[in-house]
J.: 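What follows is a single structure, and I will ask about it in a moment.
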Amino acid sequence: MSAAWRGAAAIVGVAESDLGRVPEGLSSLDLIGQATAGALAEAGLGTEDVDALYTTSAYFPMSALVTAEYLGVRPRVADGTNIGGSTFVAQAVRAAQAIAAGEVEVALICYSSTQLSDGGRLVTTNRPLSYEGEFSPRFPISMFALATARHMHEFGTTREQLAEVAVAARRWAQLNPKAYARDELSVEDVLGSRMVSDPLTVRDCCLVTDGGGAVVMTSAERARDLPQEPVYVLGGGEATDHANLSQMPDLTTTAAAVSGARAWETSGLGPADMDVVQLYDAFTINPVLFLEDLGFCAKGEGGAFVADGGIAPGGRLPVNTSGGGLSYCHPGMFGIFLLIEATRQLRGETGARQVAGARTALVHGNGGALASEVTAVLGTADTL
Amino acid sequence: MSAPPAPEDHYRAGLEAGELRYQWCTDCAAPVFYPRVLCPGCGGTALEWRVSGGAGTVYSATVVRSRDGARGVVLVDLEEGFRMMSRVTGDPEAVAIGSAVTLRVDTSGEAAQAVFDPAGEPS
C-alpha cells in the first residue's frame, strides 16, 4: 500500500553553485549561499520562508548551525545528519514526511564542498575502525574494489562492462554544458588508465570537484501557487547494514534491495514505471549493484545490463543523465545532485539530454562503503 | 576483582600472545568479530572469548597501487564463521578469491597483526 505521505510534498526549486574548480577563496558556505539563492529564487521564495534546514558538511560537525547562521534562516528543524553521500536523498524523504505531517512548511536541503580547491582529495573526517585501518586499504576506493572483485568472481562481470558505466556517464555529460569532464572517453581509455585499487582504475572513480547544490521543498498545496512545475515525492526508503566493509553481509547485495523495496511500496510504483534513473555512481560498480538491487535486472545481470551502451544516451534505460559523479561533478558527496537532475528531467528542461516525456524518476543515494542506501521516487502532477 | 579488559585490548593482547581471538555469543550461538560488548546479531551480552584455528578462505581481494608500491588488502572468511580484513603474505597480485589461507600472527611491526599465508590451491 502506498504511503499516506505519497505526493504530499514537492520540490519547487533546485540550483547548483559554481561547479568544477571555483574561484579562489570561495568557501563551502559561500557555495551553499550561491546554490540556496538560486534555488529559492527559482521557487519564488526567500530565506524568511525556510522553516526547516537539512544539510551536512565535511568541514563543520555542527553543519546545520553554521549553515543556518550563514544563510540567515531560523529553522524549527535543523538537521545535520551525516550518513554519507546518500544524506540528501534521505533528507528529502524525511522532509516530505515532515511536510505531510504539517510540521514543516518550507524545507531547504543544501550541501557544498571545495575539495578540489582544497587539494584534490576527498575531504572527510570519517575514520575506519582500527580492525580495517591497520591494513591500509585506500579509502574509499579499496572498499568498492573489494565489492567489484567479488561481483566479478561470482557473476563473471567484466572490467569492460564496468568501463561501459564510465563511458555512458561521459556520453551523457557531453550533453550537459555544466559537466566537468566532457572530452571523449572510450572503454579502452578506462581499461588503460592508471590502476588505483584493482580492479578499479582512476577512470572507474568519480571526479573530485568543487561544488554545491540546494533543493527547496514545500507542501503540494503551496507548490501549486509557485512558479515552477512541482515535482512530487511519491515514495522513498532508507536502509543500512554496516559501516566497515568487513561487516557487510554479502558484498554483492547492498541494502538498496531493502530501501528500494520500501520506495516501491510507498510509491505504489515499480522499476518498469521509471522513465529516468539517477544512481549514485561514486565508482563504476555502484550502478551495476543498484540496477540489480532495485529490481531493474536480476542479481548478477547488472554487467550485461550496462553493456553495449545499455545506460548511455539511446540505451535501454536512461541512467545518470547529468553525467553523474563520474563526469558531471562530485564534490565529496553527490546525493543533492541526483535530486537536482531528476527534478530538471521531470520539468522537461534539460535540453539535449532530456528524456522525452519523463513523468517518473528514481533517485538512489549511496553513503559510505555501500553502507547507507536511500531510494526516492519522484513524479510529475499526473503521477499523483 | 578488577574489571575485564576492553574488548579491543583483549583482542590486541591475544595477537601479542600469537593468537587470533574472537567472540562467541552463547545466546544465539554465533561468532562475533570485531570484538564488542554485545552481540550484533541478537543484542545479548553473553559473549565468551575463543581462539581461531586460523584456517580461512579469501572472500575478496584488491591491490592498492601507490608511489610506495603495491600492497594487498583482502577479506578473509575464517572457518569459525567470521570475516575480517587482512593481507596475504607474498605477491599481492597472486592472491585469488576462493584460495585457502592460514593465519600467521605478524609481530614484525609496531603492533602484532593477524595476516595470512597462502595455504594451497583455490578451492
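Numbered from 1 within each chain, the chains take letters A, B, ... in sequence-line order.
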J.: Give a yes or no on this: more than 12 heavy atoms of other residues, nucleotides or ligands lie within 6.0 Å of atom CD of E110(B).
T.: no
J.: Below 4.5 Å, heavy atoms only, C-beta onward: do H153(A) and S60(B) meet side chain to side chain?
T.: no
J.: Flag this pair as yes if the NZ/CZ of R12(B) is under 6.0 angstrom from the six-membered ring centre of Y131(A) and inside a 45 degree cone about the axis; otherwise no.
T.: yes
J.: Check this for me: E79(B), atom CD, are more than 12 non-hydrogen atoms of other residues, nucleotides or ligands nearer than 6.0 Å?
T.: no
J.: Would you mind telling me which of R150(A), E154(A), M152(A) makes a side-chain contact (heavy atoms from CB on, under 4.5 Å) with I97(B)?
T.: R150(A)
J.: Backbone N or O of M84(B) within a donor-acceptor pair of the S246(A) side chain at under 3.5 Å?
T.: no
J.: Between S130(A) and chain B, with a heavy-atom cut-off of 4.5 Å, which part of the residue counts as in contact: side chain, backbone, both or neither?
T.: both
J.: Select, from I141(A), N244(A), L146(A), the one with the greatest count of heavy-atom pairs under 4.5 Å involving chain B.
T.: L146(A)
J.: Is chain A contacted by the side chain of A114(B), its backbone, both, or neither, given a heavy-atom distance below 4.5 Å?
T.: backbone
J.: What part of M143(A) is in contact with chain B, defined as an atom under 4.5 angstrom from a non-hydrogen atom: side chain, backbone, both or neither?
T.: side chain
J.: Against chain A, label F82(B) side chain, backbone, both or neither, depending on which of its atoms sit under 4.5 Å from a heavy atom there.
T.: neither
J.: At a 4.5 Å cut-off on heavy atoms, which part of L200(A) comes close to chain B: side chain, backbone, both, or neither?
T.: neither
J.: Is it the side chain or the backbone of P249(A) that comes within 4.5 Å of chain B heavy atoms, both, or neither?
T.: backbone
J.: With the side chain counted from C-beta on, respond yes when D198(A) and R65(B) share a heavy-atom pair under 4.5 Å apart, and no when they do not.
T.: yes
J.: Let me know if V115(B) has heavy atoms under 4.5 Å from chain A in its side chain, its backbone, both or neither.
T.: side chain
J.: Where on P40(B) is there a heavy atom nearer than 4.5 Å to chain A: the side chain, the backbone, both, or neither?
T.: neither
J.: Any chance the side chains of T62(B) and S197(A) put a donor and an acceptor closer than 3.5 Å?
T.: yes
J.: One thing to verify: whether E134(A) and R87(B) come together as a salt bridge, which I'm taking to mean a side-chain N less than 4.0 angstrom from a carboxylate O.
T.: no
J.: Any donor-acceptor pair under 3.5 Å linking the side chain of Q247(A) with the backbone of R83(B)?
T.: no
J.: Given that the side chain runs from C-beta out, which part of E93(B) has a heavy atom under 4.5 Å from chain A: side chain, backbone, both or neither?
T.: neither
J.: Is a side-chain N or O of R138(A) found less than 3.5 angstrom from the main chain of S66(B), in a donor-acceptor match?
T.: no
J.: Report the distance from atom OH of Y59(B) to atom CG of D250(A), rounding to the nearest 0.5 Å.
T.: 4.5 Å
J.: Flag the pair R71(B) / F135(A) as yes when at least one side-chain heavy-atom distance between them is below 4.5 Å, and no otherwise.
T.: no
